[in-house]
Each structure stands twice: as C-alpha cells, then as structure tokens.
Amino acid sequence: MNTSNGQVRVRFAPSPTGFFHIGGARTALFNWLYARHCGGTFVLRIEDTDKKRDSEEALRVLIDGMKWLGLDWDEGPEVGGPHEPYFQSKRSEIYAEYLQQLRDCGRAYDRDGAVWFRVSGSMSQIDDKIRGKVQRLEEKDFVIVRSDGQPVFHFVNVVDDIAMGISHVIRGEDHLSNSSKHVELFLAFGRQPPTFAHIPLILKTNGPGKMSKRDSGALIEDYAGRNYLPEAVRNYLCLLGWSPKDDREILPIEEIIALFDLPGINKNNARFDEKKLAHINGEYLRRMAFDDFYSRAIPLLRNAGLVDDSSDGAYVRSVLGICQEKLRELAELEHFCAYFFRDDYQRDATAEGKIISSGNSLASVGEFLAALWELGDRWDVESLEQFTQKLAATNGRKTGDYIHSIRFAVSGQSVGPGFYAMVAVIGKDRTVKRLENFLRQYSAGNP
RNA sequence: GUCCCGUUCGUCUAGUCGGUCCAGGACACCGGAUUUUCAUUCCGGCAACAGGGGUUCGAAUCCCCUACGGGACGCCA
C-alpha cells in the first residue's frame, strides 16, 4: 500500500484561511509525530487554490503557528525540497499534465464549462489504519476543474499526494467520506492509494458540532498571544485522541514520539476542555527551570511597566522565584505580582470585604506592627515565621488572623505566594509603611 | 433525506487474546490536612461500561437491533 521504497512520507496540507485552527494544528501534530516516530519525512504543502481567501498574512499565521508549536517540516515553504513548489497555486502545469492523463483514459470530460471526473461505479475499499475497513460507493461524477479554470481540492490533493510520493494520509475524520472520491482518483491514475488514517475531530466544549474558529480557545495564535507555553499546548493536543496507555499525561515530546503510533489513536471525537489545558500549562510552568521562567516573565513585566532597566535585578529574581509555583498562566503574572513593584496596587474588593468583616484585622495588624521591633534586623522567612507564631501564642490568636490581615494590608489580595516569603521579599520598610497605611485608612470612622 | 464513522465518570481517557474490572488515572467539582493563609503541595469523596436482544460457564470487551452523537453529500478545502 505504501510507496515503492517503503519510506514514510506524510504531509500537512492546510489552506491559508487567516487563522490556525486547533483542529488543523492537531492534524499537523499527528502527522509530525508519525513522521518523527518512523524517521520519515514531514511535508508542508499549502493548498491555496481558493484565490478568494488566500493572502500573505494568512500564510504567515499558519507558518508562525507551526513554528510556535515546534512542528518543523522537512519539505515545504521556506525549506524547499525535491518536489517544489509546495504551493498549489504554483503547480498548474503539473495539474494540467495529470488532467490530460484522465482525458486520455476517458475518465475526464467537459460539461457546463467545467471538467468532470467519471466515477467507476464500483465500491471503494478504504483500508484505514484507525477505523479498519470502510466501504463507500461514490455514485455521482464530480467536478475536478472549475469553469474558471481553477482545479478543485479533490483533484489537486490526490495529484500532489502522488507527485510528492505521500505514503500515509493522516487527516480529520471529516474527510472520511471524501476518501472514496480520492481512492477513485488514485486508481484512475493507475496508483495504489496511500495508507489512510482518519483521526477523530475536536468538538466544542459545550453544545453540538465541532470546534469552530469562533469558539473560545479555538485558535493557536491566541495561545501564543496569551503567553501559553507551546510545549503545554502541544502536550494537551496530543492527549486529544491519543494517550500513552499508562496513567501519565504530561510527558516530554521525545517520549511521545517514541510511543506514538496510528493504531493507538482513538476512534471517537473529543471535546475540547480549556480548563484542562490551563492545568497542563500550570504544570509546565511549575516544572520549568527557574531561568527559563525568568526569561519568559521579564518581557511581560517590562511590558506592564513594572520593571525597567533601573530595576534591582536581585529583587526581581526573588519576586519571580516565589511566584512561579503559583501560576497557571503567564498572563496572570502582572496582576499576581504588581504590588511588589508599585505602591498604588489595586485592592481586591472581595478580599477587602472579607478582611473588614472579620473584625479583627485592625487589631492584629496593630499588634504585629507594634511588636516588630523584636525582630531587629532580621527579616527572613524563618524569623518572620517564628515571630508570627510567637505573637499568636502571646495574644491567644491563630497565626491565620495575622496572615490574612497582613497579606491584604501589604498586597491588597487574599491569595498570593507563600505568606512569609512574600513579606520577606517585599522588605521591612515597605511592609511597615503599608501596614501603617492600612491602619490609617481603615481605622474607625474611616472605613 | 442518503451514505459513512462513533458511543466507558460532566470532560479527556485506561481497559492487547472475553474472566484478576461491583471498572483505573487525570481535569472539573466537593471535603479534609500541612498547630501557616492561598491559585501551590498532600490526602479523601462524588461520578461511567447508551438501551435491548443474543453467543458463552463467564462480556465494558464478540454479534444483531434500536437510540443518541459526529461527519460527508459544493464549480469550499
């Protein structure tokens, strides 16, 4: 069934539409994984036969998305290859040649200004690596060249797969019904069809139908824009329709490549779950080496105007050091740590309500502040912890009484990095100033 | 409507030859723990073999039917 030399050659053949859909990305990913697993060749071919909607920018989105996900191609745009060009819009002569072949053997004819393909009338057998044997009868002749001279998808797709020596066609299940057309074409050209593998579709999180570009989370470029980690998105995509068959979910791409195979792919469609993606992103964030986290975080902090060239590098590093383990998305970082860098940070209204209604926040902040002299010059996690526990014991309070009030007084939040680490990093002067501010602002008569 | 594909917790899935599955893991949700909070960490809980017929000593696993879901039926790709 494969090509003569037994080499695995797969392709991703997107149409540049202006966005990189998550379903297409998953198809590209599975092709890439299979090629890498087999030591085969991954071809990127641009199916830009629909002149109305193709453009440079649209191609850019696609290529950037592929690169962002780390899906490198062996042949195609930018890298070239032995079957150039890799744009269907530039392959007209090849299509003309193949069309002539069909005319010569009486399988192509003209009607209404278009060129039609004459079906055989016999049942097509599709031997699918994921679905097994599928039979389908293609009943009606179909157009292969439009009356404006533009060749149609089914035709160019098959011609290019032949011309480029594609051995395995891995694509979405929405193409399964088209496969009978394609098989007819391969046979009409006197070729064995390639091995097919139709992968399940990605459905909307809720409601009927497959993911569409309007659904939240549907576009790869959005994840890049939101600073998701590409490794995390890629890992999640691998899990939609495939699994390593043990209880692992997060695994390095090398391992996925080693384990990936066509028969291991599920048959049924999968619903997209943005929460699980976010969870996996958080896992990746936490497992990252600190230096990697740091270099990803810095541009965001600069953009937000929280740090600049005059910032204290050691301070920035300690802030990021205590924030890394708490984040799910890098996009949260600005809000998560703004109060480390500026004094006019926002106060969370819900947190404020809780603190004020607890009734003891003024007293506990006051006690804390009044006893701080005991610490002397010591301002580290351990000292702060011992100090707070001792203070709680002395005053018959729970340490939580101090922690909640002081966290809010110092950060305006009810959540954040570990409490003692946070206070330690913020520093004594700043902490004292903020606690005094808090007392002034919230003391009786001025709530 | 016709044809094709599918159906395990709310969701993603494990479940190679039918028995060790009164069905395992993860997300989400709920509840605890760390005399220290939280979006981290750790423990625990909830929750599924679509339904009906077969085959078999025995079926989530095989067969049939029904239901439901998805897809394709374009001079879109």
Side-chain angles (χ1 to χ4, degrees), chain A residues 13-17 24 47-50 52-54 88 111-116 126 128 130-132 134-140 142-154 156-157 171-181 198 200-203 205-206 208-210 236 239-250 263-264 266-280 282-283 285-286 322-329 332 336 351 384-385 388-389 392-393 398-408 411 413-420 422:
Chain A
S15 175
T17 53
E47 305 217 333
D48 51 352
T49 55
D50 187 5
K52 292 178 208 88
R53 62 186 204 189
D54 294 317
Q88 289 187 332
R111 195 215 297 171
D112 302 331
V115 183
W116 293 69
I126 292 121
D128 194 286
I130 297 170
R131 283 156 212 286
V134 179
Q135 291 193 329
R136 191 170 186 278
L137 178 65
E138 197 59 41
E139 293 174 297
K140 293 186 298 192
F142 54 92
V143 171
I144 51 177
V145 181
R146 293 188 272 253
S147 48
D148 66 0
Q150 283 297 310
V152 167
F153 160 74
H154 302 296
V156 293
N157 190 266
R171 46 158 48 156
E173 204 220 86
D174 48 346
H175 285 296
L176 186 55
S177 303
N178 289 330
S179 297
S180 47
K181 285 189 176 71
H198 286 92
L201 303 180
I202 301 176
L203 268 28
T205 306
N206 301 298
K210 51 179 177 173
Y236 173 70
L239 264 18
L240 249 30
W242 178 86
S243 83
K245 310 303 177 203
D246 50 34
D247 289 338
R248 289 176 303 167
E249 291 195 320
I250 295 176
N266 293 134
K267 295 180 175 70
N268 47 315
N269 298 337
R271 275 190 196 276
F272 177 73
D273 184 354
E274 211 164 357
K275 281 188 177 164
K276 182 134 189 178
L277 208 196
H279 168 258
I280 289 176
E283 289 286 337
L285 231 31
R286 264 166 248 128
I322 61 173
C323 290
Q324 178 177 0
E325 62 168 5
K326 295 283 185 167
L327 292 176
R328 266 156 82 100
E329 305 181 19
E332 298 167 334
F336 194 78
L384 283 163
E385 182 167 358
T388 309
Q389 283 172 358
K398 294 195 286 192
T399 47
D401 291 344
Y402 295 110
I403 287 172
H404 290 299
S405 322
I406 292 166
R407 177 189 291 284
F408 177 75
S411 73
Q413 308 293 315
S414 62
V415 298
F419 173 73
Y420 301 112
M422 180 189 83

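Note that these values count all heavy atoms, side chains included, but never hydrogens, waters or copies made by symmetry. Residue numbers start from 1 in every chain, and the chains themselves are labelled A, B, ... in the order their sequence lines are given, proteins ahead of strands. Computed from a predicted structure; not experimentally measured.
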Checklist entry - Hey, is A:Arg131 close enough to A:Glu173 for a salt bridge, meaning N to O under 4.0 Å? => result yes
Checklist entry - Closest nucleotide of RNA chain B for A:Lys398 versus for A:Ile130: which of these residues is on the 5' side? => result A:Ile130
Item to check | Short side-chain N/O contact from A:Arg146 to OP1 or OP2 of B:G74, under 4.0 Å | outcome: no
Item to check | Heavy-atom donor-acceptor pair, A:Lys276 side-chain to B:A26 base, under 3.5 Å | outcome: yes
Next on the checklist: Does A:Arg407 contact B:U37 through a side-chain donor or acceptor facing the base, at a distance under 3.5 Å?
Outcome noted: yes
Next on the checklist: Using a heavy-atom cut-off of 4.0 Å across all strands, would you classify A:Lys267 as base, sugar-phosphate, or nothing?
Outcome noted: sugar-phosphate
What are the atom names and distances for every N/O pair under 3.5 Å that joins the protein to nucleotides 16-23 of chain B?
none

Checklist entry - Who is the Watson-Crick or G-U wobble partner of B:C42, with both distances under 3.5 Å? => result B:G32
Checklist entry - Considering only heavy atoms and no angle criterion, is a donor-acceptor pair shorter than 3.5 Å present between the side chain of A:Lys140 and the base of B:C73? => result no
Checklist entry - Taking for each residue the nucleotide of RNA chain B bearing the nearest heavy atom, is the 5' side occupied by A:Arg136 or by A:Glu332? => result A:Arg136
Checklist entry - A:Asp174 side chain to A:Leu201 main-chain N or O, any donor-acceptor pair under 3.5 Å? => result no
Checklist outcome for this item: Answer for the Watson-Crick or wobble partner of B:A60, both distances under 3.5 Å, is none
Checklist entry - Under a 3.5 Å cut-off for both distances, is B:A26 Watson-Crick or wobble paired, and to whom? => result B:U11
Checklist entry - When we call it a touch if two heavy atoms are under 4.0 Å apart, what does A:Arg286 touch: a base, just sugar-phosphate, or nothing? => result sugar-phosphate
Next on the checklist: Which nucleotide, if any, forms a Watson-Crick or G-U wobble pair with B:G69, using both distances under 3.5 Å?
Outcome noted: B:C5
Next on the checklist: For B:C75, does the base pair up with any side-chain atom of A:Ser147 as donor and acceptor (N or O, under 3.5 Å, distance only)?
Outcome noted: yes
Checklist entry - Rounded to the nearest Å, what distance is computed from the OH atom of residue A:Tyr420 to the P atom of nucleotide B:U37? => result 9 Å
Next on the checklist: Once you apply a heavy-atom cut-off of 4.0 Å, does A:Ile144 come out as touching a base, just sugar-phosphate, or nothing?
Outcome noted: nothing
Next on the checklist: Return the pairing partner of B:U37 with a 3.5 Å limit on both distances, Watson-Crick or G-U wobble; otherwise return none.
Outcome noted: none
Checklist entry - For B:C68, is chi within 90° of 0 (syn) or not (anti)? => result anti
Checklist entry - So, does A:Thr388 use its side chain to make a donor-acceptor pair with the main chain of A:Leu384 at under 3.5 Å? => result yes
Next on the checklist: Which nucleotide, if any, forms a Watson-Crick or G-U wobble pair with B:C21, using both distances under 3.5 Å?
Outcome noted: none
Checklist entry - If you look at every strand shown and take non-hydrogen atoms under 4.0 Å, does A:Pro200 touch a base, only sugar-phosphate, or nothing? => result nothing
